[in-house]
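In what follows, a single structure is set out as structure tokens and then discussed.
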Amino acid sequence: MDFSTPSRALESIPRRKPALPTELVQWAQTMLSNKNLTEDYVQGCLTFLEKSERWEILAVGVYLCTDLLTNYSRSSTIYVDGPRVPTTISGENAAVSSLSHDLAMAISRALLDTSSKNLEHKEPRIR
């Protein structure tokens with residue numbers, strides 16, 4: 001698995017052996033084809049958290065949701081990790097400022113639920 005960028009994480013999903021469920025591979029391809037932040041992209045991230053029967057999907061879902069929230073916190077006046085100098089967003093998530101507060105809260109809740117369920121996951125890369 002390559003977690004250097006969100007795109008690389010998504011590209012690694014179809015290459016997993018044994019193959020991951022077709023639905024999740026299709027979500028990854030849909031998310032890759034649309035680089036802008038859309039409801040489909042966010043729904044794909046949440047689907048990865050909800051349908052995480054294997055550690056690879058769970059890891060990608062957690063990574064993508066964390067990346068979205070990190071970039072959202074940098075683009076808003078709300079600082080998730082305390083006061084700091086705001087940064088300019090560039091690159092893959094330049095459109096993350098269009099993420100609504102309600103959607104960011106939904107992602108936060110899903111990420112918290114998933115984290116709570118997997119605190120003692122058998123795969124060390126998930127813990």
Side-chain angles (χ1 to χ4, degrees):
M1 301 291 304
D2 182 356
F3 292 106
S4 58
T5 66
S7 294
R8 299 289 293 172
L10 287 169
E11 288 169 359
S12 64
I13 290 175
R15 295 191 304 252
R16 300 306 297 170
K17 300 291 182 205
L20 294 166
T22 307
E23 174 193 5
L24 300 175
V25 173
Q26 288 173 343
W27 267 113
Q29 291 168 340
T30 300
M31 294 165 73
L32 276 169
S33 66
N34 189 356
K35 297 286 184 184
N36 295 325
L37 182 67
T38 62
E39 284 192 34
D40 285 342
Y41 187 89
V42 173
Q43 186 58 47
C45 294
L46 295 174
T47 299
F48 290 159
L49 291 180
E50 294 166 4
K51 306 223 178 194
S52 53
E53 295 161 5
R54 288 181 41 191
W55 75 267
E56 296 97 329
I57 290 296
L58 181 58
V60 170
V62 168
Y63 174 69
L64 294 176
C65 287
T66 303
D67 185 65
L68 280 174
L69 291 176
T70 299
N71 287 312
Y72 170 73
S73 70
R74 287 185 186 147
S75 68
S76 68
T77 56
I78 301 169
Y79 297 121
V80 174
D81 56 351
R84 67 189 178 313
V85 177
T87 58
T88 304
I89 297 174
S90 61
E92 289 189 21
N93 286 325
V96 79
S97 61
S98 64
L99 187 66
S100 72
H101 178 72
D102 291 339
L103 207 47
M105 291 306 296
I107 294 169
S108 297
R109 276 188 230 99
L111 197 53
L112 179 62
D113 290 345
T114 300
S115 298
S116 297
K117 289 176 191 172
N118 292 285
L119 284 176
E120 296 182 25
H121 197 280
K122 62 183 177 183
E123 174 58 47
R125 290 171 274 199
I126 298 300
R127 283 185 252 152

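Side-chain contact between Trp27 and Ile13 is absent, with no heavy-atom pair separated by less than 4.5 Å. No side-chain heavy atom of Leu58 sits under 4.5 Å from any side-chain heavy atom of Phe48. Taking the side chain as every heavy atom from C-beta outward, Asp40 and Met31 never approach each other to under 4.5 Å. Here the side chains of Lys51 and Ile57 are not in contact, with every heavy-atom distance at 4.5 Å or above. For the pair Glu50/Cys45, no side-chain contact is recorded, criterion being any heavy-atom separation below 4.5 Å from C-beta on. The shortest side-chain heavy-atom distance between Arg8 and Thr5 falls under the 4.5 Å cut-off.
Residues Thr66 and Val62 approach most closely at OG1-O, 2.7 Å, considering heavy atoms. Asp67 and Pro6 get closest at one heavy-atom pair: OD2-CG, 3.2 Å. When every heavy atom of Leu32 is checked against every heavy atom of Ser7, the shortest pair comes out as CD2-O, 3.7 Å. Nearest approach of Arg54 to Ala19, heavy atoms of both residues: NH1-O, 3.1 Å.
Judged by distance alone, with hydrogens and angles left aside, the side-chain atoms of Ser12 form a donor-acceptor pair with the main-chain N or O of Ala9 at under 3.5 Å.
Between the CG atom in Asp102 and the CD1 atom in Ile107 there is a gap of 11.0 Å [rounded to 0.5 Å]. Atom CD of Gln29 and atom CG of Leu24 lie 11.5 Å apart (nearest 0.5 Å). Separating the CG atom in Leu69 from the CE atom in Met105 is a distance of 9.5 Å, to the nearest 0.5 Å. Between Leu64 atom CG and Thr47 atom OG1 the span is 11.5 Å, to the nearest 0.5 Å. A distance of 9.5 Å separates CG in Leu49 from NZ in Lys117, rounded to the nearest 0.5 Å.
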Set out, in order, the CA-CA distance, both residues' side-chain angles and the distance that settles side chain to side chain contact (heavy atoms under 4.5 Å, CB included) for Tyr41 and Leu10, then state yes or no. CA-CA 11 Å; Tyr41 187 89; Leu10 287 169; 4.2 Å; yes
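Take Ser4 and apply the side chain to side chain donor-acceptor pair (under 3.5 Å) test, not counting sequence neighbours, and it matches Asp2.
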